[in-house]
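Basis for what follows: all heavy atoms, side chains included, without hydrogens, waters or symmetry-related copies. When a ligand or atom number is given, it counts from 1 through the structure's own listing order.
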Amino acid sequence: MKVLLIGNGAREHILSEKIAEDAELYAVMSQNNPGIAKLAKKYWICNTENPPEVAKCVKNESIDLAFASPDAVLAAGVSDALENSGILVASPLKEAARIEWDKQFMRNLMKNYKISGSINWELAQNELEAIKAVKEIGEVALKPIGLTGGKGVKVSGDHFNTLEEGMIYVKEVLKKDGKILIEEKLEGEEFSLQVFSDGTRISPMPPVQDHKRAFEQDTGPNTGGMGSYSTGKLLPFLEQSDIYEAHKILKETIHSMKKDGRLFKGVLYGQFMATKDGVKVVEFNSRFADPESMNVLSLLQTSIVDIFLSITDAKLENAVFRDQSTVVKYLVPNGYPDKPQPDQELTINESEIKELKANLLLC
Ligand code: AMP
Ligand code: GLY
């Protein structure tokens, strides 16, 4: 079986390891990840956000099955291009991935189909509408509609304090996009829950908590992510009922996407907040979480290739995970995240890492 993976981060490195356990791995990357290159039968370096270019790389390889992984690659329509060239594809098509790349669409979907876990939100298309929305909602999260690499959200109390300060960001986003999403600020503990879906059913993965602040004791600024942990079927601050609630929300979302004519095949990742009023949706993503996927894929016992095939067949296989705790920790350059020193040499003792039963993933 020839399985193609698109992407080149640490998340894709663990995916490559899992694919290579059961199939021949082929990879298309935007930059060489030596970890993936070592596992691949063949790989190409190209603009992974250019669907025709990706399809052209693999044209003569008789690829059986493909999985496009990063958000921007899905938003560009790489799954569509591969499917149109006759390959089975286990990642969402562009119009299904919309649930991540268009936050206005996502909030409207939740509203129109009455999906549980919804929150207060308004779309503002000018400054007056924004001021009105902030006054009505109170404490808010300000969000651009499109993909921002995890760095686009500004939350009152965390990133700004007064309406005037918030409006500086509102103006910046309005100038660029012509609109901005203004959401009620959620308070509580955030957790990530990922599920496989064949468009109708879901097969859940264990919950994980992302860890975004730099430095020991969380004293540093927010980053794209410093690591994550999972403790099996629950997290210390969750009740089993919170997990059921999150599963229910994800199921309702998959059914709504089907009704909306955008069958969702692949991995749906819900970012949730456990609040005093129950589980609320912060975000939906149409892909594996980064780095939380590394926690759960390390525990996956079912063949990922079988799961991907069952997604394309619309006969979703149940994914089984070992019930263990995991920790992902990023090694970052000195000065990260404000002034990372580039090109520093890093020496790593791989055998010592293996002795600790840990896994070294490159990004
Ligand atoms: P996102 O880029 O949408 O994943 O959001 C990045 C981070 O912003 C999330 O992980 C949350 O910590 C925070 N955030 C997003 N939306 C809200 C909200 N409505 N209330 C509070 N925090 C939020
Ligand atoms: N864990 C954050 C993300 O993958 O967007």
Can a donor-acceptor pair be found between the side chains of [X] and [Y] at a distance below 3.5 Å?
{"X": "N349", "Y": "T347", "result": "no"}
{"X": "K2", "Y": "S62", "result": "no"}
{"X": "S116", "Y": "E252", "result": "yes"}
{"X": "N359", "Y": "E17", "result": "yes"}

- prompt: Considering only heavy atoms, which protein residues lie less than 4.0 Å from any atom of ligand 2?
  reply: D210, Y269, R287, A289, D290, E292
message: With a 4.0 Å cut-off on heavy atoms, is E187 in contact with ligand 1?
response: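 False for this residue.
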task: For K280 and ligand 1, answer yes if some heavy atom of the residue is under 4.0 Å from a ligand atom, otherwise no.
output: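 Per 4.0 Å heavy-atom rule, K280 does not contact ligand 1.
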Would you mind checking which non-hydrogen protein atom is closest to [atom], with the distance to 0.1 Å?
{"atom": "atom 20 (N) of ligand 1", "value": "L186 N, 2.8 Å"}
{"atom": "atom 23 (C) of ligand 1", "value": "V155 CG2, 4.0 Å"}
{"atom": "atom 18 (C) of ligand 1", "value": "A141 CB, 3.6 Å"}

query: If you measure from atom 11 (C) of ligand 1 to every heavy atom of M273, E139, E190, which option wins on shortest distance?
result: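 Among M273, E139, E190, the closest heavy atom to atom 11 (C) of ligand 1 comes from E190.
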- prompt: Which is closest to atom 7 (C) of ligand 1 in terms of heavy atoms, K212, H159, E283?
  reply: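 Of the listed residues, K212 has the closest heavy atom.
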message: Once you restrict to heavy atoms under 4.0 Å, what part of V153 touches ligand 1? Side chain, backbone, both or neither.
response: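 For V153, only side-chain atoms sit under 4.0 Å from ligand 1.
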task: Determine yes or no for a side-chain-to-main-chain donor-acceptor pair under 3.5 angstrom, with R98 supplying the side chain and M106 the backbone.
output: no
- prompt: Salt bridge or not for E53 and K56, using N-O below 4.0 Å?
  reply: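 No, this pair does not count.
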field: Electrostatic pair R107-E183, nearest N-O below 4.0 angstrom
entry: yes
- request: Number the atoms of ligand 1 from 1 as they appear, then name those within less than 4.0 Å of a heavy atom of K143, with their elements.
  value: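 In order of number, 3 (O), 15 (C), 16 (N).
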message: I'd like to know if I99 and L193 are part of one continuous hydrophobic network [Ile/Leu/Val/Met/Phe/Trp/Tyr, side-chain heavy atoms within less than 4.5 Å].
response: yes
Joint cluster assignment, F191 & V296, ILVMFWY side-chain distance < 4.5 Å: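 No; V296 is not reachable from F191 via cluster members.
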message: Please confirm whether the ring centroid of F264 lies under 6.0 Å from the ring centroid of F284.
response: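 No: the rings miss the under 6.0 Å criterion.
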